[in-house]
Amino acid sequence: MCNWIVGNWKMNGSLAHVAEFTAALLKGIPANLGAAGTRVAICPPHPYLTAVGERIAGSQVELGAQKVHPLPSGAFTGEVSPVMLSEFGVSVCIIGHSEHRQYFGVTDVIIAQKLHALTAVGIIPILCVGETLVEREADRQKEVIETQLRLAMKDSEEDVRGRQVSDTVLAPHPELSEEAAGKLVIAYEPVWAIGTGQTATPEQANGMHEFIRDILRERYSESLAEAMPILYGGSVNEENAGELLRQPDINGALVGGASLKADAFLSIINQAIK
Ligand code: PGA
């Protein structure tokens, strides 16, 4: 299985930042990344995809997106389709991020649709799941994660057309095939740890990753569960990355704030390959 270090810039950056950051990243990126089985991607805001893509072309760094619409084209103002992302060389796309779930009402139905649409064009979805503080305090984290995962893995491509914006309970229909599920990356991101400086302890995070793997084992197969990269996200930085990444069930990190600084991001990458 490969490990991933993914930088999620969120709504940050500028053209000057792109130039500075990519120059420093490419200069410092370890040559043995591939040999160590680690993949690195950065997900800038959409307007900077071209600029980042041009600068990292031919390097070991991959281009990621933060957002996608499930349909190939249509009257959806402000949206970008999976096919368009492909044209710009995007190889991974974050979906189900808690900021989308919380602030823009992105539902499990829509997340399932995006998941199908991305795998159909060969973009790797990074499916984010995570519980809120209230849910964690009520000891409901496992129930929440299981529901998010199971709903995301339902739905079918045909379903996308009829229900782009609906939030109805999923009707019975074909589920995500094992072949498509095998193309996913999952990110466990407890909402209470995102941007708060508060991380899950390595044991807490690893325990949730084990739980996610158990669901995949039961839902699909032992081989799929074992091969699934499960990343941790939530205030990962150069200080706490090493211990988190040493956990047996943590296969990389989805990094927000610390991915904006090339030296911090490089330090996290270096700790992933040790
Ligand atoms: P953070 O963000 O590292 O700034 O907490 C992580 C994320 O939202 O993916």
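As the structure lists them, so they are numbered: ligands from 1, and atoms in each ligand from 1. For this chain, numbers begin at 1 and follow the sequence in order. The shown structure was predicted, so the numbers you read here are calculated from the model rather than taken from an experiment.
Short contacts between ligand 1 and Leu254, defined as distances under 4.0 Å to a heavy atom of the residue, involve ligand atoms 9 (O). Residue Ser235 approaches ligand 1 through these ligand atoms, each under 4.0 Å from one of its heavy atoms: 1 (P), 3 (O), 5 (O). Listed by atom number, the atoms of ligand 1 under 4.0 Å from Gly234 heavy atoms are 5 (O).
At a heavy-atom distance under 4.0 Å, only side-chain atoms of Asn8, from C-beta outward, approach ligand 1. The part of Ala193 lying near ligand 1 is the backbone, judged by heavy-atom distances below 4.0 Å.
A salt bridge links Glu218 to Arg150: one of the charged nitrogens lies within less than 4.0 Å of a carboxylate oxygen. Between Glu226 and Arg217 a salt bridge is recorded (basic side-chain N to carboxylate O distance below 4.0 Å).
Hydrophobic clustering, defined by side-chain heavy atoms of Ile, Leu, Val, Met, Phe, Trp and Tyr closer than 4.5 Å, groups Ile126 together with Trp4, Val6, Val92, Ile94, Ile124, Val185, Leu231, Leu254.
Ring geometry for His97 versus His100: interplanar angle over 60°, hence perpendicular rather than tilted (30 to 60°). Taking the six-membered ring where tryptophan is involved, the planes of Phe265 and Phe21 are tilted, since the angle between them lies from 30° to 60°.
Considering backbone and side-chain atoms together, Gly195 places an N or O closer than 3.5 Å to an N or O of ligand 1.
Of all protein heavy atoms, the one lying nearest to atom 7 (C) of ligand 1 is Glu189 OE2, 3.1 Å. Distance from atom 2 (O) of ligand 1 to its nearest protein heavy atom, with residue and atom name: Lys10 NZ, 3.2 Å. In terms of protein heavy-atom proximity, atom 4 (O) of ligand 1 is closest to Gly257 N, 2.9 Å. With respect to atom 3 (O) of ligand 1, the closest heavy atom belonging to the protein is Gly256 N, 2.9 Å.
Other residues, nucleotides and ligands contribute over 12 non-hydrogen atoms within 6.0 Å of the CD atom of Gln198.
Under the ring-ring contact (aromatic ring centres under 6.0 Å, His included) criterion, His209 pairs with Tyr188, sequence neighbours left out.
Residue Gly233 places no heavy atom under 4.0 Å from ligand 1.
Taking each of His97, Glu99, Gln198 in turn, the one with a heavy atom nearest to atom 8 (O) of ligand 1 proves to be His97.
Contact annotation: the side chain of Ser59 never approaches that of Ile29 to less than 4.5 Å [non-hydrogen atoms, C-beta and beyond].
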